[in-house]
Amino acid sequence: MSEVKNRLIGAITVMDEAGAQRLWAMVQQLYADSWDTIEEVQPDELDLQMIRQIQQDPDCQDFVSAQEAQKLFQ
């Protein structure tokens, strides 16, 4: 994944709900015409493996505070 995408994920992770809603409204406005053209694909084996791991491994369900997450992306 690119550095820009990693930074976006980090920013969204620590964003409060109001900020997330504002960002989502902007995304919807900017890309409203393209939502219907997104191809739906079935998960591949790697996707399925990650889903199983999330469901079965309690360590995959640990969350960190916003402050801890921010430290990861600085």
Side-chain angles (χ1 to χ4, degrees):
M1 187 178 310
S2 74
E3 178 64 24
V4 171
K5 289 180 181 182
N6 278 328
R7 298 190 103 203
L8 282 169
I9 290 170
I12 292 166
T13 300
V14 298
M15 194 176 288
D16 66 9
E17 186 63 25
Q21 289 179 7
R22 285 191 305 274
L23 178 59
W24 183 243
M26 287 188 286
V27 168
Q28 287 180 309
Q29 184 178 12
L30 287 170
Y31 299 102
D33 295 337
S34 61
W35 290 122
D36 294 332
T37 61
I38 297 173
E39 178 185 358
E40 185 174 337
V41 296
Q42 295 299 314
D44 62 14
E45 185 53 41
L46 181 59
D47 296 328
L48 294 172
Q49 181 181 0
M50 288 189 299
I51 292 168
R52 284 191 298 270
Q53 187 174 7
I54 290 167
Q55 292 170 338
Q56 298 170 0
D57 185 352
D59 289 337
C60 287
Q61 298 173 10
D62 287 342
F63 297 97
V64 298
S65 69
Q67 292 79 17
E68 291 174 293
Q70 284 178 326
K71 290 177 189 174
L72 296 173
F73 294 97
Q74 292 178 349

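On a predicted model such as this, the values are computed, not experimentally measured, just so you know.
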In terms of hydrophobic clustering (I, L, V, M, F, W, Y; side-chain heavy atoms under 4.5 Å; direct or indirect links), are [X] and [Y] co-clustered?
X	Y	answer
L8	L23	no
M15	V27	yes
V14	V4	no

Can you tell me how far [atom2] of [Y] sits from [atom1] of [X], rounded to the nearest 0.5 angstrom?
X	Y	atom1	atom2	value
D44	D47	CG	CG	4.0 Å
E45	M50	CD	CE	10.5 Å
L48	Q53	CG	CD	13.0 Å
I51	Q56	CD1	CD	11.5 Å

Handout entry: salt bridge (charged side-chain N to carboxylate O under 4.0 Å, His left out) contacts touching residues 4-26 (sequence neighbours left out)
Key =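 Counting only pairs at least two positions apart or across chains, the salt bridge (charged side-chain N to carboxylate O under 4.0 Å, His left out) contacts touching residues 4-26 are E3-R7.
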